[in-house]
> 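Dropping a structure here in structure tokens format, bear with me for questions.
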Number of protein chains: 2
Amino acid sequence: MSEEILSPRMQRLRDSGYKLTHARITVLKALERGGGHMTSTELLDEVEALDSGIGRASVFRALDLFTRLSIVRPTYIDSSVTPTYVLMPDGHHHHIICTQCSRVIEFEDCGLGALTHTLEERLGVRLTGHLLEFYGLCSDCKDQPVREE
Amino acid sequence: MSEEILSPRMQRLRDSGYKLTHARITVLKALERGGGHMTSTELLDEVEALDSGIGRASVFRALDLFTRLSIVRPTYIDSSVTPTYVLMPDGHHHHIICTQCSRVIEFEDCGLGALTHTLEERLGVRLTGHLLEFYGLCSDCKDQPVREE
DNA sequence: CTTCTAATTGAGATACTGTATCACTTGAGA
DNA sequence: TCTCAAGTGATACAGTATCTCAATTAGAAG
């Protein structure tokens, strides 16, 4: 395998003391294909398409590991039954979730670099990433009353 | 019932056109007792303790409604199977999650008021709340290598 | 390259959480 | 008080994540 070109994420895996296994690499590829937002079901399908030999358990184990490494982050967008896994390219991600129609609007600038630094110094922690979510009504839902579907 | 003293949250419920039912009030009380972070299981237990006549379905329905009103927000702190419901007193909440031991450290100031305003103007949305999560290692886990338990 | 070993995996049974259904009850406006 | 849409409780059901364990594998050492 062409292991000479390791993506930064795979590098991070190895540097943290984890093995660079076929299953983990495949899950990472599937996540990257998904465009950043994927439910576990969508991910399982994508992994299945890439390599049908990989078991469910390994996919969930990889997700769990990636979460701990801030490569990915589960969040609740639509259903409470299935988290959506958000890929965090540089350890962070920001979006707006419409609480009416579940539309997700992403945005880039958050200006949280300074706060990250302040928190690390003040609390003695080591921060590897962050997720900023705003909730509200998108431009389409804004003028409709808040009601159940 | 002493309905004369309505908490701001209950007021928000009614103002949005929802009935102020016994089940919803009880779920809100249980959430407030829980100190702000509760899994659905913990919440079900707490509601059971307050009034054993309330059914599971109503608790989940209330959570769903409260989520849409930004009274509460589910987030995945520990396991991906059970979201933790975070009470958002003023529509927003901020915390740091240790990806090693799952400890949650809360902090107050986020300085996101200006960004909220900018986003509303630029994107034409109506924002009712936000959740800011930082991930990393707490002061206790910082010096240990990243490993599975 | 071969050996070695702890880490990791795959399969599927299992556990558990959230949802759907439906007859009954209730909040709140008239 | 009356009325009825909104909401509820019970429970069966659906679907997702976990657990277990024998088999496999990544990567270090020789």
Side-chain angles (χ1 to χ4, degrees), chain A residues 1-4 6 10-11 13-28 38-45 47-48 50-68 72 74 76-85 145-149, chain B residues 1-4 6 10-11 13-28 38-45 47-48 50-69 72 74-85 145-149:
Chain A
M1 218 168 285
S2 61
E3 297 202 17
E4 287 157 41
L6 282 181
M10 294 187 188
Q11 196 67 54
L13 257 189
R14 182 179 280 179
D15 291 349
S16 300
Y18 295 99
K19 288 185 181 173
L20 224 54
T21 66
H22 177 59
R24 286 171 180 164
I25 292 169
T26 306
V27 171
L28 213 38
M38 286 180 105
T39 63
S40 59
T41 309
E42 288 164 354
L43 181 61
L44 285 167
D45 288 347
V47 169
E48 168 83 17
L50 288 172
D51 183 343
S52 60
I54 292 175
R56 289 173 169 51
S58 293
V59 175
F60 284 106
R61 279 186 287 236
L63 279 176
D64 193 58
L65 176 59
F66 295 169
T67 298
R68 251 175 303 123
V72 110
Y76 172 113
I77 287 181
D78 204 349
S79 144
S80 47
V81 138
T82 310
T84 297
Y85 290 85
V146 181
R147 287 268 91 212
E148 305 209 31
E149 299 285 274
Chain B
M1 217 170 286
S2 61
E3 294 203 15
E4 288 158 39
L6 283 179
M10 295 186 190
Q11 196 69 53
L13 258 187
R14 181 180 281 179
D15 292 349
S16 299
Y18 295 100
K19 288 186 182 171
L20 223 56
T21 67
H22 177 59
R24 286 173 180 163
I25 292 169
T26 306
V27 171
L28 213 38
M38 286 181 104
T39 63
S40 59
T41 309
E42 289 163 352
L43 181 61
L44 285 167
D45 288 348
V47 169
E48 167 84 15
L50 288 173
D51 181 344
S52 60
I54 294 174
R56 288 182 207 299
S58 293
V59 176
F60 283 108
R61 281 187 287 235
L63 279 175
D64 194 58
L65 175 60
F66 295 168
T67 299
R68 253 175 302 124
L69 294 174
V72 111
T75 183
Y76 297 92
I77 288 181
D78 205 349
S79 140
S80 49
V81 104
T82 309
T84 297
Y85 292 85
V146 182
R147 288 266 91 214
E148 306 209 29
E149 299 286 277

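All values reported here derive from a predicted model rather than from experimental measurement. The sequence lines fix the lettering, A, B, ..., with proteins before strands; numbering per chain opens at 1.
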> Would you indicate which nucleotide in D/dG7, C/dT8, D/dT18 comes nearest to any side-chain atom of A/Tyr18?
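Ranking D/dG7, C/dT8, D/dT18 by closest atom to the A/Tyr18 side chain puts C/dT8 first.
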> Taking atom types as they are modelled, is there a donor-acceptor pair under 3.5 Å from the base of D/dG27 to the side chain of A/Arg14?
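Donor-acceptor pair under 3.5 Å: no.
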> Grab the CZ-C1' distance between A/Phe60 and C/dA13 for me, whole Å please.
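About 15 Å, once rounded to whole Å.
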> Do any side-chain nitrogens or oxygens of A/Arg24 fall under 4.0 Å of OP1 or OP2 in C/dT8?
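It does, given that an N or O in the side chain of A/Arg24 lies less than 4.0 Å from OP1 or OP2 of C/dT8.
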> What are the two closest non-hydrogen atoms of A/Thr82 and B/Tyr76, and how far apart are they?
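Residues A/Thr82 and B/Tyr76, closest heavy atoms: C-OH, 4.2 Å.
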> With a 4.0 Å limit, can you tell me whether A/Thr82 has a side-chain N or O closer than that to the phosphate oxygens OP1/OP2 of D/dG15?
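Answer is no, no contact under 4.0 Å.
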> In whole Å, I'd like the distance from the CG atom of B/Leu44 to the C1' atom of C/dT19.
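Interatomic distance, CG of B/Leu44 to C1' of C/dT19: 13 Å.
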> What's the closest nucleotide to the B/Lys19 side chain, out of C/dG27, D/dT8, C/dT19?
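Of C/dG27, D/dT8, C/dT19, C/dG27 is nearest to the side chain of B/Lys19.
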> In whole angstroms, how far is the C1' atom of C/dT8 from the CG atom of A/Asp51?
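Taking atom C1' of C/dT8 as the reference, CG of A/Asp51 is at 15 Å.
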> Could you pull out the closest heavy-atom pair between A/Leu28 and A/Phe66, with the gap in Å?
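Nearest heavy atoms, A/Leu28 then A/Phe66: CD1-CE1, 3.7 Å.
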> For A/Val59 and A/Val47, work out which heavy atoms get closest and say how close.
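Scanning both residues completely, I find the closest heavy atoms to be CG2-CG1, 4.0 Å.
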> Can you tell me which nucleotide in C/dA28, C/dG18, D/dA10 comes closest to the side chain of B/Ala57?
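Within the option list, the nearest is D/dA10.
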> Between atom CG in A/Leu43 and atom C1' in D/dA17, what is the gap in whole Å?
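Spelled out: CG on A/Leu43 to C1' on D/dA17 is 13 Å.
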> Rounded to whole angstroms, how far apart are CG on B/Leu65 and C1' on C/dG18?
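Atom-to-atom, B/Leu65 to C/dG18, this comes out as 16 Å.
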> Hey, is the side chain of A/Thr41 poking within less than 4.0 Å of OP1 or OP2 on D/dG15, counting only N and O atoms?
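No.
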> Would you indicate whether the side-chain heavy atoms of B/Tyr18 and B/Arg24 approach each other to under 4.5 Å?
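Of all side-chain heavy-atom pairs linking B/Tyr18 with B/Arg24, at least one is under 4.5 Å.
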> Can you measure A/Arg56 atom CZ to D/dG15 atom P for me and round it to whole angstrom units?
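So the CZ-P distance, A/Arg56 to D/dG15, works out to 13 Å.
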> Let's see if you can work this out: which of C/dT9, C/dG18, C/dA28 has an atom nearest to the side-chain heavy atoms of A/Ser58?
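My answer, after comparing the listed nucleotides, is C/dT9.
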> With a 4.0 Å cutoff (strictly under), does any side-chain N or O of B/Thr21 reach OP1 or OP2 of D/dT8?
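So the side chain of B/Thr21 is within the cut-off, an N or O lying under 4.0 Å from OP1 or OP2 of D/dT8.
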> Given atom CD1 of A/Ile25 and atom P of D/dT25, what is their separation to the nearest angstrom?
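Atom-to-atom, A/Ile25 to D/dT25, this comes out as 14 Å.
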> Heavy atoms under 4.0 Å, any strand shown: does B/Pro74 hit a base, just sugar-phosphate, or nothing?
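Result for B/Pro74 = nothing.
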> Please tell me which of the listed nucleotides, C/dT9, D/dT8, C/dA6, lies nearest to the side chain of B/Ala23?
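The answer is D/dT8.
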> For B/Ile54 and D/dT8, what is the distance between atoms CD1 and C1' respectively, to the nearest whole Å?
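That distance rounds to 10 Å.
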> Check this for me: does the side-chain of A/Arg61 come within 3.5 Å of the base of C/dG10 through a donor and an acceptor?
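Pair found.
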> Is there side-chain contact between A/Glu48 and A/Ile54, with heavy atoms separated by less than 4.5 Å?
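A side-chain contact is absent here, since even the closest heavy-atom pair is not under 4.5 Å.
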